[in-house]
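Being a predicted model, the structure only gives us computed values, none of them experimental.
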Amino acid sequence: YGALLVTVAGVEDRYLLDADWLRLGRAQAGLLIDGQVWRAVTALTLHLDWAHLMGNLFFGSVLGFLVSQALGGGVAWLAILTGGVLGNVINAWVQPPTHSAVGASTAVFAALGLLVGLALRHRRRLGGTAFSRWSPLVAGILLLAWTGVGGERTDVMAHVTGLVSGAALGLACGWLPSRLLERRPVQVVAGLLAVALPALAWFLAWSASLA
């Protein structure tokens, strides 16, 4: 996660191959809806400045580690990536065509949503009071309000859609049997997919720029 974000930031900062990587990869709503779906992935790896990058590196690493404790490293990062992509797609549908979004924060909030969904699934299985069952969701919403709505450049809707997508995936992942998650080949394949999908998305973005 860290290596991917830092590498893309370096490429973006130096305009490698004389390309405007921000223009090629940002999640511009109109273009994404019109078929450039790779932008939902590439936008997660782009950042406006190094402060933006460092914040997502820190919070993403912490939340990614926590999700990995529940799902295993490979499955966790594939789920986080999927939640971030779904969040960007939903955000593009509800925003005007000219709206653009960049940053891993959609995936960071997807990781938070995954923890919420997994906790809800776990609490539901154990039973208990309504307050104890829904407290993870309340905690996730409060954390979103605290960390995800500040700053004039903050894309609040992307944070919300990331959180919601992650929570839905967390509920689904809660049904995965532990014996499946404990299989090393499953984690390896999932981890490779989590690396391959951004690489494929950037290949498609670069190919489209040459067409």
Side-chain angles (χ1 to χ4, degrees), residues 1 26-33 36-47 52 55-56 58-71 75-97 99-125 130-151 153-176 190 193-194 197-198 201:
Y1 171 71
R26 65 190 179 189
Q28 185 170 335
L31 295 176
L32 198 160
I33 297 302
Q36 297 186 16
V37 291
W38 58 81
R39 290 179 178 271
V41 184
T42 54
L44 296 174
T45 66
L46 291 167
H47 292 84
H52 187 201
N56 282 330
F58 175 75
F59 287 107
S61 297
V62 171
L63 292 171
F65 174 79
L66 295 175
V67 178
S68 297
Q69 300 309 297
L71 298 177
V75 173
W77 284 107
L78 181 59
I80 291 170
L81 174 63
T82 302
V85 170
L86 288 175
N88 275 343
V89 171
I90 297 171
N91 190 39
W93 275 103
V94 300
Q95 299 283 8
H99 178 83
S100 291
V102 294
S105 55
T106 309
V108 171
F109 278 93
L112 175 60
L114 277 160
L115 292 174
V116 171
L118 289 167
L120 283 173
R121 171 64 185 152
H122 180 66
R123 294 290 179 90
R124 184 179 180 84
R125 187 167 59 246
F131 177 79
S132 66
R133 289 197 301 271
W134 291 102
S135 58
L137 179 59
V138 174
I141 293 173
L142 289 175
L143 192 55
L144 169 67
W146 182 42
T147 63
V149 299
R153 295 189 301 182
T154 301
D155 192 339
V156 177
M157 184 55 68
H159 293 174
V160 171
T161 56
L163 180 68
V164 171
S165 298
L169 286 172
L171 288 170
C173 289
W175 289 93
L176 295 175
L193 283 174
L197 286 176

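- Under a 3.5 Å cut-off, the side chain of Ser165 and the backbone N or O of Gly162 do not form any donor-acceptor pair.
- Minimum interatomic distance between Ala101 and Ala43 (heavy atoms only, all atoms of both residues): O-CB, 3.4 Å.
- Under the side chain to side chain contact (heavy atoms under 4.5 Å, CB included) rule, Val41 has a single partner from Val89, Asn88, Val85, Thr82, which is Val85.
- Listed by chain and residue number, Tyr1 satisfy the ring-ring contact (aromatic ring centres under 6.0 Å, His included) test with Trp77 (two or more places apart in sequence, or in another chain).
- Remark: Ile33 CD1 to Gln95 CD distance equals 11.0 Å, nearest 0.5 Å.
- Between His52 and His47, the ring planes are perpendicular. Angles over 60° get that label, and only those under 30° would be called parallel.
- Inter-residue side-chain proximity for Pro198 and Leu81 is flagged as met; some heavy-atom pair is nearer than 4.5 Å.
- In this structure the side chain of Thr106 reaches within 4.5 angstrom of the side chain of Leu44, judged on heavy atoms.
- The CD1 atom of Ile80 sits 7.5 Å away from the CG atom of Leu63 when rounded to the nearest 0.5 Å.
- Contact annotation: the side chain of Arg26 never approaches that of Leu31 to less than 4.5 Å [non-hydrogen atoms, C-beta and beyond].
- The distance from atom CG of Asn91 to atom OG1 of Thr161, rounded to the nearest 0.5 Å, is 4.5 Å.
- Considering every non-hydrogen atom in both Pro96 and Ala29, the closest pair reads O-CB, 3.3 Å.
- The OG atom of Ser105 sits 12.0 Å away from the CG atom of Leu112 when rounded to the nearest 0.5 Å.
- Scanning both residues, Ala110 and Gly84, for their nearest heavy atoms gives CB-N, 3.7 Å.
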Using the side chain to side chain contact (heavy atoms under 4.5 Å, CB included) rule, take Leu118 and Leu71 through it: C-alpha gap first, then chi angles, then the decisive distance, then the call.
CA-CA 10 Å; Leu118 289 167; Leu71 298 177; 4.1 Å; yes
